[in-house]
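For reference, the structure discussed in these notes is given below.
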Amino acid sequence: MILEITFIQGGMLEFERTGIYPEYLLFNLKGSKQNWRVKIKNKPQEGILKSKGIPVYEYSFDGHWCKFRKVNKNASISKWMEPETISIERRD
């Protein structure tokens with residue numbers, strides 16, 4: 001399965017409350033209904049994507065590009081992979 005990544009910037013509702021344009025990473029596991037939305041709090045930022053409380057992917061975002069690796073059921077971790085593209089979405 002392919003992990004698609006979208007970098008989302010902006011959102012008027014949160015901007016009106018906080019005065020800061022929020023940034024998020026949206027991870028979508030193509031071919032399934034599974035997706036994760038992660039708020040970017042720091043650059044660089046690392047984290048774990050879980051499914052039903054079990055780690056499935058680990059990601060690393062440097063502020064411009066994101067890479068990820070799969071966490072296997074036996075707790076081994078694959079090599080770092082990079083998506084072919086990262087979509088950028090700007091919202092008002």
Side-chain angles (χ1 to χ4, degrees):
M1 297 213 184
I2 298 171
L3 190 63
E4 297 176 334
I5 302 172
T6 304
F7 179 39
I8 301 171
Q9 297 176 311
M12 286 304 292
L13 294 177
E14 191 167 337
F15 177 73
E16 288 175 358
R17 287 183 307 188
T18 64
I20 299 170
Y21 278 106
E23 295 181 320
Y24 295 93
L25 287 174
L26 180 63
F27 297 90
N28 183 26
L29 192 56
K30 193 170 183 174
S32 76
K33 294 182 180 180
Q34 199 161 23
N35 58 54
W36 299 267
R37 184 177 150 197
V38 178
K39 186 170 185 172
I40 298 172
K41 297 177 182 176
N42 300 309
K43 292 180 188 176
Q45 178 171 312
E46 296 181 348
I48 296 174
L49 306 175
K50 296 180 180 181
S51 176
K52 298 179 183 175
I54 299 171
V56 180
Y57 287 97
E58 183 177 327
Y59 73 89
S60 177
F61 180 67
D62 68 3
H64 302 288
W65 196 252
C66 190
K67 59 184 180 178
F68 60 92
R69 56 188 178 180
K70 185 164 179 48
V71 179
N72 300 310
K73 291 181 181 181
N74 64 1
S76 65
I77 300 174
S78 71
K79 294 181 182 178
W80 285 107
M81 297 176 273
E82 294 185 355
E84 290 182 20
T85 61
I86 294 179
S87 301
I88 298 174
E89 186 176 312
R90 292 198 168 97
R91 296 182 178 175
D92 287 334

Quiz prompt | Close side-chain approach of I86 to L25, heavy-atom, < 4.5 Å | solution = no
Practice problem: Following the transitive rule for hydrophobic clusters with a side-chain heavy-atom cut-off under 4.5 Å over Ile, Leu, Val, Met, Phe, Trp and Tyr, establish whether L29 and W80 coincide in one cluster. | Solution: no
Self-check item: Min side-chain heavy-atom separation F68-I5 under 4.5 Å
Solution: yes
Quiz prompt | For the student: nearest non-hydrogen atoms of I77 and E58, plus distance | solution = CD1-OE1, 3.8 Å
Self-check item: Euclidean distance, D62 CG relative to E46 CD, rounded to 0.5 Å
Solution: 10.5 Å
Practice problem: Check G63 against K43 and note the closest heavy-atom contact, atom names and distance. | Solution: CA-CD, 3.7 Å
Exercise. Establish whether W65 and L49 are linked, either directly or via other cluster members, by ILVMFWY side-chain heavy-atom contacts under 4.5 Å.
Key: yes
Exercise. Please answer whether the main-chain N or O of N74 pairs with a side-chain N or O of N72 as donor and acceptor at a distance below 3.5 Å.
Key: no
Exercise. State, to 0.1 Å, how close C66 and P83 come at their nearest heavy-atom pair, and which atoms those are.
Key: O-CD, 3.2 Å
Practice problem: Could you give me the CA-CA distance, side-chain angles and deciding distance for V56 and K70, then say whether side chain to side chain contact (heavy atoms under 4.5 Å, CB included) is met? | Solution: CA-CA 6 Å; V56 180; K70 185 164 179 48; 4.3 Å; yes
Practice problem: Hey, could you give me the CD/CZ distance between E82 and R69, rounded to the nearest 0.5 Å? | Solution: 13.0 Å
Quiz item: Closest heavy-atom contact between E23 and F7?
Solution: OE2-CZ, 3.6 Å
Exercise. Using the six-membered ring wherever Trp is involved, compare the ring planes of W36 and Y57 and label them parallel, tilted or perpendicular (cut-offs 30° and 60°).
Key: perpendicular
Exercise. Answer whether the closest heavy-atom distance between the side chains of R91 and Y21 falls below 4.5 Å.
Key: no
Quiz item: Which atoms form the tightest heavy-atom contact between R37 and Y24, and what is the distance?
Solution: NH2-CZ, 2.9 Å
Quiz prompt | Beyond-backbone contact of Y59 with Q45, side-chain heavy atoms, under 4.5 angstrom | solution = yes
Quiz item: Out of L26, I40, I88, which one pairs with I8 under the side-chain contact (heavy atoms from CB on, under 4.5 Å) rule?
Solution: L26
Quiz item: If you take all heavy atoms of S51 and Q34, which pair is closest and at what distance?
Solution: OG-NE2, 2.6 Å
Practice problem: Evaluate the side-chain proximity of L3 to M81: yes if any heavy-atom separation is below 4.5 Å, no if none is. | Solution: no
